[in-house]
Peer 1: 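Structure provided below as structure tokens; questions to follow.
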Amino acid sequence: QVQLAESGGGSVQAGNSLTLSCVVSGRAIDDNNMAWFRQAPGKEREFVAALPWSCSVPYYSKSVKGRFSMSRDVAKNAVVLQMDSLFTEDTAVYYCAARPRLSTRGGPGYNTEADYPIWGQGTQVTVSS
């Protein structure tokens, strides 16, 4: 059974950087579609970035493209979200999500919650001005 564990959240000032990590257990990292979502207080959960198992180039939301970078760390069986030039609007709980290859659960896409059947517990990111 695939399980996810996020880490790396914290509090920073605007303009600074944070790195989030999501360690995958139960399946090789490159055998999953992986994604990051976030949920700000009072708002819906939104897509941030995705790295399908068959791709080497991630997809990003418009709000983070050029500032965030998602990658695989095969040695740690993890995905990493490098967040640079943080804005106060990036404050949210960040969730890692996975859809194992050939899973009958989840959807065919990469940027909606319904595409991913497995979720981590979330990690808080707070950006202050």
Side-chain angles (χ1 to χ4, degrees):
Q1 183 176 353
V2 176
Q3 293 184 314
L4 309 176
E6 303 105 330
S7 62
S11 297
V12 296
Q13 288 194 315
N16 285 346
S17 301
L18 270 179
T19 303
L20 305 184
S21 177
C22 172
V23 175
V24 177
S25 59
R27 194 96 172 224
I29 186 65
D30 54 3
D31 209 30
N32 298 274
N33 287 359
M34 300 297 301
W36 288 94
F37 288 75
R38 67 186 181 185
Q39 187 167 20
K43 294 189 176 181
E44 304 262 322
R45 194 175 299 188
E46 65 172 0
F47 168 74
V48 174
L51 189 53
W53 68 270
S54 59
C55 297
S56 57
V57 179
Y59 298 94
Y60 299 100
S61 69
K62 289 181 181 178
S63 61
V64 308
K65 192 170 185 178
R67 301 188 297 121
F68 290 13
S69 177
M70 182 176 180
S71 60
R72 293 187 191 91
D73 185 338
V74 176
K76 296 181 179 178
N77 213 48
V79 287
V80 175
L81 185 68
Q82 176 66 39
M83 306 186 295
D84 297 324
S85 302
L86 283 161
F87 301 152
T88 55
E89 304 90 272
D90 294 317
T91 295
V93 177
Y94 283 71
Y95 295 91
C96 179
R99 181 182 184 275
R101 187 169 63 93
L102 301 181
S103 173
T104 57
R105 299 162 58 208
Y110 65 88
N111 63 349
T112 71
E113 291 184 68
D115 293 321
Y116 299 93
I118 300 167
W119 292 80
Q121 80 284 357
T123 185
Q124 177 71 47
V125 171
T126 302
V127 185
S128 59
S129 58

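Throughout, residue positions are numbered sequentially from 1 according to the sequence presented.
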Peer 1: I need the Glu113 CD to Trp119 CH2 distance, nearest 0.5 Å.
Peer 2: 4.5 Å
Peer 1: Under the ring pair (Phe, Tyr, Trp, His ring centres under 6.0 Å) rule, what pairs show up with a residue in residues 5-33, not counting sequence neighbours?
Peer 2: none
Peer 1: Quick one: are Gln124 and Thr91 in side-chain contact, heavy atoms under 4.5 Å?
Peer 2: yes
Peer 1: For residues Gly120 and Tyr95, report the shortest heavy-atom separation together with the two atoms involved.
Peer 2: O-CD2, 3.7 Å
Peer 1: Contact between Asn16 and Leu86 at the side-chain level, heavy atoms closer than 4.5 Å - yes or no?
Peer 2: no
Peer 1: List the residues meeting side chain to side chain contact (heavy atoms under 4.5 Å, CB included) with Phe87, not counting sequence neighbours, and say none if there are none.
Peer 2: Arg67, Glu89, Asp90
Peer 1: If two hydrophobic side chains count as joined below 4.5 Å and joins carry through other members, does Trp36 share a cluster with Val12?
Peer 2: yes
Peer 1: So, for Ala5 and Gln121, which heavy atoms are closest and what is the spacing to 0.1 Å?
Peer 2: CA-OE1, 4.0 Å
Peer 1: Applying a strict under-4.5 Å side-chain criterion to I, L, V, M, F, W and Y, I'd like to know whether Val79 and Val2 cluster together.
Peer 2: yes
Peer 1: Are a donor atom and an acceptor atom from the side chains of Gln82 and Thr19 found within less than 3.5 Å of each other?
Peer 2: yes
Peer 1: Got Val23 and Lys76 here, is their nearest side-chain heavy-atom distance under 4.5 Å?
Peer 2: no
Peer 1: Are any of the side-chain heavy atoms of Phe37 and Cys96 separated by less than 4.5 Å?
Peer 2: no
Peer 1: Give a yes or no on whether the backbone of Met70 and the side-chain of Tyr60 come within a donor-acceptor separation of less than 3.5 Å.
Peer 2: yes
Peer 1: Find the distance between CG (Asp31) and CZ (Arg101) and round it off to the nearest 0.5 Å.
Peer 2: 4.5 Å
Peer 1: Which heavy-atom pair separates Ser85 from Ser17 by the least distance, and what is that distance?
Peer 2: N-OG, 4.3 Å
Peer 1: Would you sort out whether Gln39 and Tyr94 count as a side-chain contact (heavy atoms from CB on, under 4.5 Å), showing the intermediate values?
Peer 2: CA-CA 7 Å; Gln39 187 167 20; Tyr94 283 71; over 6 Å; no
Peer 1: Check whether any side-chain heavy atom of Ile118 lies under 4.5 Å from a side-chain heavy atom of Leu4, and answer yes or no.
Peer 2: yes
Peer 1: To the nearest 0.5 Å, what is the distance between SG on Cys22 and CG on Asp73?
Peer 2: 11.5 Å
Peer 1: Once you round to the nearest 0.5 Å, how far does CG of Leu81 lie from OG of Ser69?
Peer 2: 8.0 Å
Peer 1: Just wondering, do Tyr110 and Asn33 contact through their side chains at under 4.5 Å, heavy atoms?
Peer 2: no
Peer 1: Which atoms form the tightest heavy-atom contact between Arg27 and Pro100, and what is the distance?
Peer 2: NH1-CB, 3.4 Å
Peer 1: Would you name the heavy atoms of Val127 and Gln13 that are closest together and state the gap between them?
Peer 2: CG1-C, 4.0 Å
Peer 1: Closest heavy-atom contact between Arg99 and Gly107?
Peer 2: NE-O, 3.1 Å
Peer 1: Are the side chain of Asn32 and the backbone of Met34 linked by a donor-acceptor contact shorter than 3.5 Å?
Peer 2: no
Peer 1: Just by distance, do the side chain of Glu6 and the backbone of Thr123 share a donor-acceptor pair under 3.5 Å?
Peer 2: no
Peer 1: When the side chains of residues 41-55 are checked against the rest of the protein, which donor-acceptor pairs come out under 3.5 Å, sequence neighbours left out?
Peer 2:
residue, atom, partner, partner atom, Å
Glu46, OE2, Arg38, NE, 2.6
Glu46, OE2, Arg38, NH2, 3.1

Peer 1: Using a 4.5 Å cut-off on heavy atoms from C-beta on, say whether the side chain of Pro108 contacts that of Asp115.
Peer 2: yes
